[in-house]
Protein chains: 2
Amino acid sequence: MNKLRIALLGFGTVGKGIYQTIEVQQARLQQLTGKQVEIAAIVVKSLKNHKNYNGHAKLTTDFQEVLGDKNIDLVMEAIVGKEPAFTYLQQSIQQGMHVVTANKEMFAQHGQELKKLAEKHCVQIGFEATTAGGIPVIATIRQLLQVNRVRKIQAILNGTSNYILTEMRMKQLSFSQALKKAQELGYAEANPANDIDGRDAYFKAVILCQLLFGSKADKARFKQTGIRDISMSFLDEQEAAGKRVKHLVTIAETEDGIYCDISPAALEPGHPLYAVEGVDNAVHLETDILGELTLTGPGAGALPTASAMIEDFCTIIGRPNAYSAHEELASIH
Amino acid sequence: MNKLRIALLGFGTVGKGIYQTIEVQQARLQQLTGKQVEIAAIVVKSLKNHKNYNGHAKLTTDFQEVLGDKNIDLVMEAIVGKEPAFTYLQQSIQQGMHVVTANKEMFAQHGQELKKLAEKHCVQIGFEATTAGGIPVIATIRQLLQVNRVRKIQAILNGTSNYILTEMRMKQLSFSQALKKAQELGYAEANPANDIDGRDAYFKAVILCQLLFGSKADKARFKQTGIRDISMSFLDEQEAAGKRVKHLVTIAETEDGIYCDISPAALEPGHPLYAVEGVDNAVHLETDILGELTLTGPGAGALPTASAMIEDFCTIIGRPNAYSAHEELASIH
């Protein structure tokens, strides 16, 4: 039986989730692709951190080994930070490999460039996992864009912020108490700045803007405020008025151009994102033909992210040449 | 420029929504498919009802004209009731045409047969519009099934029932008052039995069961109760206990086989479908890898249905040979 061979870049929690899911779902993936799906190599920063590893795939610190292997079909990247992720994906594409990434920071900055490069080299890029974790928001927007124009998006894209705001309101915790709890549970990093200052949501908002508006997104105006300065008394006031405070991303195209506001907002009970609590993410889409649609689900986590990345893999293997037509949609707004 | 030629079966509110949307979105569809998209013929029951029609497409009562036209690529069916819809689609498939349907009653009974026939004749069937209107639930389940097993579905699939229950609770109307209002607003038919006795939800539940479980769905056990006997005092009691009553579809695979329960249920405030009000539909999926996902949106209406059908058209034209692999997934549970 022919094999589909994957190289995995990064072997932290997400990388391990991918590895495990591909092992567990081997029968399903074989049935779908008609081939055995194998992780051929895993590129890590240091072998020292993986002394207990005893899997089949080769562990290496040398990305050039992956690049030199002509039998690798697709690269899955689950590294944190822009580099070396960007350089690795650029080189993989140039070698004719498809790529799938979960790296929002890298893709917010270099996504458009990588999409163009992929088109030039006739390969695909999957980036479902960069935005709203396991919620298939990229695939859904692509599907809707075939027929609809998306007028406005409102979204909760940072699960850590939503968790902190939910805990503060429901358990009467201070911001720092709720943050500490999020860190203890692994929802927030030791350095939580990316989450609580809105940077993580900003990366995802940029990726959505580029998906919706293509190169026009370059001129979008962004406003970014985190939840660091939210006090319990402010939440109490809003609750007394029947409202819940959420860290809201709003993207819309107006006569003055595209704007994207990322900031705390007090939502009324009838608002589609009012009931989204804890670490969940949600995306509310307003479209011209279909009307309004809301997707709610896990915004992060190793397995939801792995699921999104392997769905990308299946889509790419299922229709290797369908990418460009979809991306071009943004240009006919 | 080459053309993609569509025959439209039925020209009621949904048929007109399709016609209008294809006209309005012509530029977008051309960009996507690389071809001009044209409705070549519209098959109606009687010409008398369409005296004011002055569109480009030929209006005919003779389906054989469509069958005899070798240049028709795809048939879109928006007829009510099983016949002649089933016969028309069967014959279209045998002539090598792709088909897209919004007909839940027909597809619940004949869907599996049509899927097999389509596979034999190497054409595609789109049925996104049969279930939950504009919510892309079929596409999302297909995408998730690539990696996930869906353990359980809970859904609100009949917008009319949900509207009636919402009105009864919020405005203290009796069942018959709320039903009358739904009829006045066009949400319920003059004969509302399909909606209020749970038959409409049953058709959609059958289609979801078949998508999830393939031929195993033939043995699923169904239990069906409508909302006809729900009293205002029952809703008040539940509301006093903090609960809301919804007409709930539950599909799950247990050790005893597949069961599907369609009946009113009192939901707690934390339930993912608690806040789904009015004519909206929603589908909550529990999966093994990704976790839980909820989709909420318009469950009916001419434009949401048209959007779903044209999305099907785009998917089929974009990847004409990808159908079978997806459908086969159900068999590896």
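Just so it is clear: chains get the letters A, B, ... in the order the sequence lines come, proteins before strands, and each one is counted from 1.
- Between A/Gln146 and B/Leu29, every side-chain heavy-atom pair lies at or beyond the 4.5 Å cut-off.
- The two residues B/Arg149 and A/Gln25 have their closest heavy-atom pair at N-NE2, 4.5 Å.
- The candidate from A/Ala308, A/Pro298, A/Gly291 with the greatest count of non-hydrogen atom pairs under 4.5 Å with chain B is A/Pro298.
- Only the side chain of A/Asp288 has a heavy atom closer than 4.5 Å to any heavy atom of chain B.
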Residue pair B/Arg28, A/Leu145: steps toward the side-chain contact (heavy atoms from CB on, under 4.5 Å) verdict: CA-CA 9 Å; B/Arg28 186 175 291 264; A/Leu145 277 183; 4.2 Å; yes
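- Interface summary for chain B: among A/Val276, A/Ile289, A/Leu303, the most heavy-atom pairs under 4.5 angstrom belong to A/Ile289.
- Most heavy-atom pairs under 4.5 Å with chain A: of the set B/Gly301, B/Gly17, B/Gly134, this distinction falls to B/Gly134.
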Apply side-chain contact (heavy atoms from CB on, under 4.5 Å) to residues A/Leu144 and B/Glu311 and explain how you reach the verdict.
CA-CA 7 Å; A/Leu144 297 184; B/Glu311 286 162 33; 3.4 Å; yes
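- The two residues B/Leu290 and A/Pro304 come nearest to each other via the heavy atoms O-CG, 3.5 Å.
- At a 4.5 Å heavy-atom cutoff, A/Gln26 makes no contact with chain B through either its backbone or its side chain.
- Most heavy-atom pairs under 4.5 Å with chain B: of the set A/Ser307, A/Ala282, A/Ala139, this distinction falls to A/Ser307.
- At a 4.5 Å heavy-atom cutoff, A/Ile22 makes no contact with chain B through either its backbone or its side chain.
- Side-chain contact check for A/Glu292 versus B/Thr296: every heavy-atom pair is 4.5 Å or farther apart.
- Considering CG of B/Asn148 and CD1 of A/Ile310, their distance stands at 9.0 Å, rounded to 0.5 Å.
- To the nearest 0.5 angstrom, A/Thr294 atom OG1 is 7.5 Å from B/Asp280 atom CG.
- A 4.5 Å side-chain heavy-atom check between A/Thr140 and B/Gln143 finds every atom pair outside the cut-off.
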